[in-house]
Amino acid sequence: MYDLIVIGAGPGGYVAAIRAAQLGLKVACVEGRGSLGGTCLNVGCIPSKALLTSSGKYAELSHLASHGIAVEGASLDLAAMMARKDKVVGDLTKGIAFLFKKNGVDHIDGWANIIAPGKVQVGDTVHEAKNILIATGSEATPLPGVIIDEECILSSTGALSLKTVPAHLVVIGAGVIGLELGQVWARLGAKVTVVEYLDRILPGIDGEIAKLAQRALSKRGLKFQLGRAVKSVEAGEGGLAVTVERVGKDTIDTIEADKVLVAIGRRPVIRDLGLEALSVDVNDRGFITVDDHFQTSVPGIYAIGDCVPGPMLAHKAEEDGVACVEGLAGLPGHVDYGKVPGVVYTDPEVASVGVTEEALKEAGANYISGKFTFMANSRARSTGETDGAVKVLASPDGVLLGAHICGAHGGDLIAELVLAMVKGATLSEVAATCHAHPSMAEAVKEACLDALGSAIHA
Ligand code: NAI
């Protein structure tokens with residue numbers, strides 16, 4: 001009898017399993033994929049970051065002339081780039097197997113079915129546990145009528161493993177996945193057109209920062225068609241025909257492409273788990289509903305990560321998992337969802353935490369804001385990474401409410417502002433903190449000073 005069986009070994013599940021074992025619980029983690037790490041490690045965050053890095057190095061070669069460096073004869077070995085990505089993934093998934101062994105977590109290989117509270121069937125074996133934690137994650141939302149074959153019509157999984165560079169990749173959806181993978185293939189030589197339903201990219205991100213990102217990504221070769229809904233994708237002569245409708249108008253256009261990436265969001269994976277028979281409550285969008293302790297409507301069955309409401313982010317799933325098992329072990333586990341950062345790993349990066357200006361306006365809130373562009377930051381000028389800005393939002397008395405960055409290393413810079421928000425810091429406190437010179441982080445300090453009306457370099 002286990003204290004806890006975790007179903008799913010993604011960042012939510014495997015971290016929860018390890019933390020529970022550290023707290024003295026007898027834990028097993030069931031995973032049917034054949035390797036640990038879930039979508040994030042196998043076909044998500046990690047392989048995409050490996051390809052973003054490799055493609056970024058390739059793209060940089062054509063911009064070295066301004067540094068006085070001439071590069072001749074550079075060529076792309078896509079198979080070697082993919083092999084490197086696969087090795088990064090393989091090493092990290094094996095690392096989790098090592099951590100399971102080190103912490104005494106049993107790995108049960110197979111797909112789990114909850115046959116009753118406390119009973120999990122995997123193959124012919126029924127495993128018993130005091131508590132069950134569902135961490136089954138999410139999968140790409142399909143576009144009705146468009147069948148993903150992972151050869152020509154791709155989800156993110158197929159787009160991470162193409163064998164040749166497409167001539168024209170049409171990306172449906174200007175969200176995180178569409179922009180990251182669109183940029184990978186644009187850098188490697190594809191023409192990339194991003195078709196987005198809304199009249200802006202990156203829904204949910206502060207609008208001003210999203211505009212800066214769109215401008216920078218356009219400069220780097222991505223073509224955007226905003227305010228357009230993809231209606232169908234058909235195999236045509238010599239490729240695919242993508243039918244696009246202008247939102248609010250009757251106009252229909254056709255775009256020809258050789259590959260299409262469907263990146264219109266993700267949905268929770270909860271089928272074949274036995275949840276219906278157990279009457280586990282699920283909301284109208286298919287997410288498992290949980291209470292403040294991550295318990296589902298059935299006592300002893302818990303759920304975390306992408307399969308419950310909230311941002312679909314690996315680090316949020318980890319936080320859920322740790323808080324959930326700490327609660328099971330009698331500790332006060334808690335996640336502050338208002339301070340979960342989000343990062344888009346494009347060039348430039350887009351990073352954000354807390355509220356957007358749109359949300360503050362909609363709520364009729366009083367607030368102050370400050371902004372500092374990287375063009376005025378000396379480190380950015382020396383490296384040539386001048387696109388973008390840091391924007392901060394605060395209450396009238398200066399308490400940080402949100403921070404948004406478009407710029408090189410934005411994903412690292414945001415950490416300071418997340419910590420500031422967690423500690424309830426004010427703009428003055430961040431601004432009074434000594435920031436190294438020359439550093440991109442000085443833009444954070446200057447944005448806070450700007451909100452206080454005293455930026456030095458603006
Ligand atoms: P998303 O929800 O970020 O963006 C999807 C976009 O598709 C939206 O802008 C939507 O308006 C558009 N869209 C929907 N239907 C359309 C249609 N028929 N025609 C044109 N546009 C249409 O979804 P995405 O990029 O698939 O990402 C899914 C999840 O994965 C997100 O929750 C994201 O946070 C997470 N993720 C996070 C990453 C990171 O943290 N770096 C990386 C990759 C994914």
Side-chain angles (χ1 to χ4, degrees), residues 10-12 38-53 137-146 148 153-160 170-184 193-205 207 210 213-214 217 222 224-233 242-248 252-253 255 257 260-269 285 287 305-319 337 340-353 405 410-412 414:
T39 300
C40 172
L41 257 77
N42 289 280
V43 286
C45 327
I46 300 303
S48 62
K49 262 79 269 175
L51 289 184
L52 276 161
T53 303
S138 62
E139 62 185 0
T141 306
L143 186 59
V146 177
I148 290 173
I153 303 180
L154 316 162
S155 72
S156 50
T157 302
L160 287 165
V170 168
V171 176
I172 309 175
V176 190
I177 293 179
L179 297 187
E180 288 187 354
L181 291 177
Q183 188 164 46
V184 165
T193 306
V194 184
V195 183
E196 165 58 48
Y197 179 83
L198 301 173
D199 59 1
R200 52 161 294 169
I201 69 168
L202 292 173
I205 298 279
Q214 186 186 338
L217 291 169
L222 263 65
F224 289 97
Q225 291 206 8
L226 303 183
R228 287 167 167 87
V230 170
K231 290 291 162 190
S232 66
V233 181
V242 184
T243 308
V244 171
E245 187 183 81
R246 294 189 195 207
V247 177
I252 300 277
D253 303 313
I255 311 173
V260 168
L261 165 61
V262 181
I264 59 163
R266 295 181 65 82
R267 63 180 184 188
V269 174
R285 297 191 54 225
F287 292 88
D306 281 10
C307 65
V308 304
M312 295 175 121
L313 297 167
H315 46 279
K316 176 266 185 188
E318 285 180 35
E319 299 289 322
Y337 293 105
V340 174
V343 179
V344 189
Y345 292 88
T346 43
D347 168 33
E349 292 182 353
V350 181
S352 111
V353 62
I405 302 174
D412 297 314
I414 200 77

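Source: prediction; values computed, not measured. For ligands, and for the atoms within them, numbers begin at 1 and follow the listed sequence. The analysis underlying the following values was restricted to heavy atoms, covering all of them including side chains, and did not include hydrogens, waters or symmetry mates.
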Geometric N/O contact V230 with ligand 1, under 3.5 angstrom: yes
For atom 31 (C) of ligand 1, what is the nearest protein heavy atom, given as residue, atom name and distance? M312 O, 4.5 Å
For atom 1 (P) of ligand 1, what's the nearest protein heavy-atom neighbour? Residue, atom name and distance, please. G175 CA, 4.0 Å
Which residue and heavy atom of the protein sit nearest atom 25 (O) of ligand 1, plus the separation: I177 N, 2.9 Å
Between E180 and Y345 (side chain of the first, backbone of the second, donor and acceptor by atom type, cut-off under 3.5 Å), is there such a pair? yes
Using atom types as modelled and distance alone, determine if a side-chain donor or acceptor of Q183 lies under 3.5 Å from a backbone N or O of T346. no
Any idea which atoms of ligand 1 are less than 4.0 Å away from a heavy-atom of Y345? 41 (N)
Using atom types as modelled and distance alone, determine if a side-chain donor or acceptor of R246 lies under 3.5 Å from a backbone N or O of G248. no
May I ask whether R228 places a heavy atom under 4.0 Å from ligand 1? yes
Tell me, please: is C45 in heavy-atom contact with ligand 1, that is, under 4.0 Å? no
Which atoms of ligand 1 sit under 4.0 Å from any heavy atom of V195? 20 (C), 21 (N)
Which atoms of ligand 1 sit under 4.0 Å from any heavy atom of P203? 8 (C), 9 (O)
Looking only at protein heavy atoms, which one is nearest to atom 10 (C) of ligand 1, and what is the separation? E196 OE2, 3.5 Å
Interatomic spacing from CG in L52 to CG in L181 - rounded to 0.5 Å: 7.0 Å
Can you report which non-hydrogen protein atom sits closest to atom 7 (O) of ligand 1, along with the distance? G173 CA, 3.2 Å
Out of curiosity, is G342 lining ligand 1, as in a heavy atom under 4.0 Å away? no
Can you tell me the protein heavy atom closest to atom 16 (C) of ligand 1 and the distance? I264 CG2, 3.6 Å
Starting at CD1 of I177, measure out to CD1 of I172 and round the result to the nearest 0.5 Å. 13.0 Å
Looking only at heavy atoms, what is the nearest atom pair of V195 and R228, with distance? CG1-O, 3.6 Å
Between L313 and ligand 1, find which residue part has any heavy-atom pair under 4.0 Å and reply side chain, backbone, both or neither. side chain
Separation between CD (E139) and OG (S156), nearest 0.5 Å, reads 11.0 Å
S48/L160 under side chain to side chain contact (heavy atoms under 4.5 Å, CB included): CA gap, chis, key distance, verdict: CA-CA 7 Å; S48 62; L160 287 165; 3.8 Å; yes
Ignoring angles and geometry beyond distance, decide whether G265 reaches within less than 3.5 Å of ligand 1 through its nitrogen or oxygen atoms. yes
Give me the residue, atom name and distance of the protein heavy atom closest to atom 30 (O) of ligand 1. R266 CD, 3.5 Å
Minimum non-hydrogen distance to atom 38 (C) of ligand 1, winning option of V194, T141, V176, V146: V176
Taking N or O atoms only and a 3.5 Å limit, does Y197 qualify as a polar contact for ligand 1? yes
Short side-chain to backbone donor-acceptor contact, S352 and I205, under 3.5 Å: no
Show the nearest heavy-atom pair for residues R200 and A210, with the distance to one decimal. NH2-CB, 3.4 Å
Against heavy atoms of L198, which atoms of ligand 1 measure under 4.0 Å? 11 (O)
Give the atom numbers and elements of ligand 1 that come within less than 4.0 Å of a heavy atom of A229. 19 (N)
What protein heavy atom sits nearest atom 5 (C) of ligand 1, and how far away is it? A263 O, 3.4 Å
Do any nitrogen or oxygen atoms of V343 come within less than 3.5 Å of a nitrogen or oxygen of ligand 1? yes
At a 4.0 Å threshold, what atoms of ligand 1 neighbour a non-hydrogen atom of L143? 18 (N)
Residue pair A257 / V170: nearest heavy atoms and the distance that separates them: CB-CG2, 3.6 Å
Please report whether ligand 1 has a polar contact with E180, defined as an N or O pair separated by less than 3.5 Å (distance criterion only). yes
Looking only at non-hydrogen atoms, find the nearest pair between C307 and P268 and report the distance. CA-CB, 3.7 Å
P311 versus D306, closest heavy-atom pair with distance: O-OD1, 4.5 Å
Please examine the side chains of Q225 and V230, heavy atoms only from C-beta on, and report whether any two atoms are closer than 4.5 Å. no
